[in-house]
J.: 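Let me begin by handing over the structure; questions about it come next.
For the numbers below, each heavy atom of this structure counts, side chains included, while hydrogens, waters and symmetry mates do not. Since the model is a prediction, treat every value here as computed from it, not as a measurement. Atoms within each ligand, like the ligands themselves, are counted from 1 in listed order.
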Amino acid sequence: MLIVGAGLSGIGAAHHIQTRLPGKTYTILEARDAIGGTWDLFRYPGVRSDSDMYTLGYSFKPWPGAKAIADGPSIRQYVRETAAENGIDKHIRFHHRVTAAAWSSEDARWTLTAERTDTRQVVSFTASFLMMCSGYYRYEAGYTPEFVGLEKFKGRIIHPQHWPEDLDYAGKKVVVIGSGATAVTIVPEMAKTAGHVTMLQRSPTYVVSRPSEDKIALGLRKWMPAKLAYALTRWKNVLLQQYLYTRARKKPGPTRELIASLAQKELGPDYPVSTHFNPRYEPWDQRMCLIPDSDLFSEIKAGHASVETDTIEHFTETDLKLASGKELEADIVVMATGLDLQFMGGAAITVDGAKFEPGKALTYKGMMYAGAPNLVSVFGYTNASWTLKCDLTCEYVCRLIRYMDKVGAKQVTPKLAGEAMKEEPWLGLTSGYVNRSVDRFPKQGSRTPWKLNQSYVSDLMMLRFGTLEDPELIFS
Ligand SMILES: Cc1cc2nc3c(=O)[nH]c(=O)nc-3n(C[C@H](O)[C@H](O)[C@H](O)COP(=O)(O)OP(=O)(O)OC[C@H]3O[C@@H](n4cnc5c(N)ncnc54)[C@H](O)[C@@H]3O)c2cc1C
């Protein structure tokens, strides 16, 4: 088996394969020189998770930290530790960027082409099964909108994806452009030492505070074995998150009011919450932003940070001129303007010589694709922790491979055979970064098994306990 990517998903996939499929061999191809993916790449101040580590952690390795909302370096360490203590690190080929994957039905084999990022040498590998754990965005660069006059600006422009280690922002005037998870993380952290930090957003996002420590989880840990305490906390958080998500979708009005009233309480009665924290869309049309222990609100209240909801007209040498006529002076501008989404690590995929176009593909159970044999991509939830789906996907793959061995099949291919369906976008979010790349991502259908559940409980029933026999899954 070949796994592409040594991030949270790739290391998790390797663990599932080596524990559940002891007779199989695998190799991980990783473009970079490090384990951890996202949690190694992003080094901006305060980088942290925005979901709890009891669900972002693996099902098989209890999260050891005291904080449920954890910092990036601790998550990186957790992924590395998982790789080291299970010998997974010995299976990784670093500096191997996969550029192409070609399936041959005659050989029942994938042939992967990889470019060595250190020597530029082109090498190839074959495998009978391919797991793409390559994440969902381009590592080279984030998304930067075009701003008039940006080239005139004399201050520093920073992209969170490539944070300079030497950046000294103490006492400086900082403008962070954006209102997503990255912006709400960076603003309070920089505000601790910067002169002032302004979060400049075109439109507001839902921002919800949550304690960084989970008292119940820490209590359970004292009274029972770590694995049991972890499993119970994981279930508590899965069910709580599912309940809050379902309630928000069913009752958007009251949810909006509740979130606004909580922000108002934190920021004081005179703060214009309706201008800066009242989005134009309904809760969960886009991912919500979670902040630990109200850190963003505290820094705003203390006057160290502020929010502007406005549009940039142009940059000058020293300022950002806004549509309202306001001018924001800045020494440093941080472009927290989002990711550039990418599917399957940008590799060109072919099946028996025919080009596989991700944008036209139909997803099967949120992991395989109609017409693509022995191929799984590991992809998390948009409304819950990534690893919940990653673990279930890997379990399913192991079941599938055991079943193939049992029936003597070399090839498994999803094939649309039942009633016709309406096709829908894969990512059911309205965020700018999703809309920009909707054509690059596969589609989902309107019925099982072609529809994405976005629900851990439904996926658990389907992927852990559901039958593998399906007229729309062809074993040959
Ligand atoms: C700042 C930030 C915070 C986040 N916080 C959360 C959170 O709190 N909760 C949550 O659920 N999700 C969060 N996410 C989503 C997050 O990406 C996932 O949780 C998870 O880390 C994804 O892991 P992954 O291994 O699938 O992908 P990645 O972490 O992206 O790792 C992919 C790996 O594949 C490698 N790769 C890619 N293409 C190729 C190729 N062609 N050849 C070889 N190697 C390749 C990359 O180098 C990388 O090492 C966050 C994302 C970001 C950017």
J.: Yes or no: does T182 have any heavy atom under 4.0 Å from an atom of ligand 1?
T.: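 No; T182 lies far enough from ligand 1 that no heavy-atom distance drops under 4.0 Å.
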J.: Examine the proximity of ligand 1 to Y139 and report which part, side chain or backbone, both or neither, has a heavy atom under 4.0 Å away.
T.: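 The part of Y139 near ligand 1 is the side chain, not the backbone.
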J.: Considering only heavy atoms, does L41 approach ligand 1 within less than 4.0 Å through its side chain, its backbone, both, or neither?
T.: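 Looking at L41 and ligand 1, no heavy atom falls under 4.0 Å.
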J.: For ligand 1 and Q342, I'd like to know whether there is a polar contact (N/O to N/O, distance under 3.5 Å).
T.: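 For ligand 1, there is no N or O atom that lies under 3.5 Å from one belonging to Q342.
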J.: Pick one of side chain, backbone, both or neither for how C133 approaches ligand 1, counting any non-hydrogen atom pair under 4.0 Å.
T.: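 Backbone only; the side chain of C133 stays clear of ligand 1.
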J.: Looking only at non-hydrogen atoms, which of V47, L339, I75, T38 approaches atom 16 (C) of ligand 1 most closely?
T.: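 Among V47, L339, I75, T38, the closest heavy atom to atom 16 (C) of ligand 1 belongs to T38.
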J.: With a 4.0 Å cut-off on heavy atoms, does V378 reach ligand 1?
T.: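 So V378 does not count as touching ligand 1.
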J.: Mark the output for Y136 as yes if a heavy-atom distance to ligand 1 is under 4.0 Å, and as no if none is.
T.: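 True for this residue.
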J.: What protein heavy atom sits nearest atom 34 (O) of ligand 1, and how far away is it?
T.: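 I find the closest protein heavy atom is G5 CA, 3.2 Å.
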J.: Could you tell me the residue and atom name of the protein heavy atom closest to atom 11 (O) of ligand 1, and the distance to it rounded to 0.1 Å?
T.: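 Its nearest protein heavy-atom neighbour is W386 N, 2.7 Å.
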J.: Is the backbone N or O of N86 less than 3.5 Å from a side-chain atom of Q18, with the two atoms forming a donor-acceptor pair by type?
T.: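 Indeed, once roles are kept as given, a pair shorter than 3.5 Å links the two residues.
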J.: Among protein heavy atoms, which lies nearest atom 47 (O) of ligand 1, and at what distance?
T.: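 Checking every protein heavy atom, the shortest distance to atom 47 (O) of ligand 1 gives E30 OE2, 2.6 Å.
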J.: Hydrogens and angles aside, do Y206 and R256 bring a side-chain donor and acceptor to less than 3.5 Å of each other?
T.: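 Yes.
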J.: With no hydrogens and no angle check, is any side-chain donor or acceptor of Q342 less than 3.5 Å from a backbone partner on S134?
T.: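 Pair absent, no side-chain N/O of Q342 close to backbone of S134.
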J.: So, does G380 sit close enough to ligand 1 that a heavy atom of it is under 4.0 Å from the ligand?
T.: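 G380 does not count as a contact of ligand 1 under the 4.0 Å cut-off.
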J.: If you take the nearest heavy atom of each of A100, A101, A31, which one is closest to atom 44 (N) of ligand 1?
T.: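 When every heavy atom of A100, A101, A31 is considered, A31 comes closest to atom 44 (N) of ligand 1.
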J.: I need the atoms of ligand 1 closer than 4.0 Å to a non-hydrogen atom of S9, numbered in the order shown.
T.: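 Heavy-atom distances to S9 below 4.0 Å select 23 (O), 24 (P), 25 (O), 26 (O).
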J.: With the side chain counted from C-beta on, respond yes when I17 and I3 share a heavy-atom pair under 4.5 Å apart, and no when they do not.
T.: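 Counting from C-beta outward, I17 and I3 do come under 4.5 Å.
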J.: Assign the ring pair Y54 / Y230 to parallel, tilted or perpendicular, where the plane angle (0 to 90°) is split at 30° and 60°.
T.: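 Ring orientation of Y54 relative to Y230: tilted.
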J.: Would you please indicate if the ring centroids of Y143 and Y137 are separated by under 6.0 Å?
T.: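 So the answer is no for these two rings.
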J.: Looking at ligand 1, does A181 have a heavy atom less than 4.0 Å from it?
T.: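 So A181 does not count as touching ligand 1.
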J.: Any N or O of L8 that comes nearer than 3.5 Å to an N or O of ligand 1?
T.: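 In this structure, L8 places an N or O atom under 3.5 Å from an N or O of ligand 1.
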J.: Tell me whether F94 reaches ligand 1 (any heavy atom closer than 4.0 angstrom to a ligand atom).
T.: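 False for this residue.
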J.: Please check if atom NZ in K67 has more than 12 non-hydrogen atoms from other residues, nucleotides or ligands closer than 6.0 Å.
T.: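 No, not enclosed.
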J.: Students often mix this up, so state it plainly: with edges at 30° and 60°, are the rings of Y364 and W450 parallel, tilted or perpendicular?
T.: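 Rings of Y364 and W450: perpendicular, over 60°.
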J.: Are the side chain of N383 and the backbone N or O of Q454 linked by a donor-acceptor pair below 3.5 Å?
T.: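 Between the backbone of Q454 and the side chain of N383 there is a qualifying donor-acceptor contact (under 3.5 Å).
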J.: Out of curiosity, is W39 lining ligand 1, as in a heavy atom under 4.0 Å away?
T.: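 Yes, W39 has a heavy atom closer than 4.0 Å to ligand 1.
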J.: Report yes if some N/O of D50 lies less than 3.5 Å from some N/O of ligand 1; otherwise report no.
T.: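 N/O-N/O distance below 3.5 Å exists for this pair.
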J.: Indicate whether the side chain of T185 and that of R48 have a donor and an acceptor atom separated by less than 3.5 Å.
T.: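 Checked: T185/R48 side chains pair up, N/O donor to acceptor below 3.5 Å.
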J.: Has the side chain of H16 got a donor or acceptor atom that lies under 3.5 Å from a matching backbone atom of L21?
T.: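 Not at all, since once roles are kept as given, no pair shorter than 3.5 Å links the two residues.
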J.: Considering both backbone and side-chain atoms of A34, is one of its nitrogen or oxygen atoms within less than 3.5 Å of a nitrogen or oxygen in ligand 1?
T.: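 Such a contact does not occur with ligand 1.
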J.: Ring-plane angle category for F60 and Y58, please: parallel below 30°, perpendicular beyond 60°, tilted otherwise.
T.: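 Ring orientation, 0 to 90° scale: parallel.
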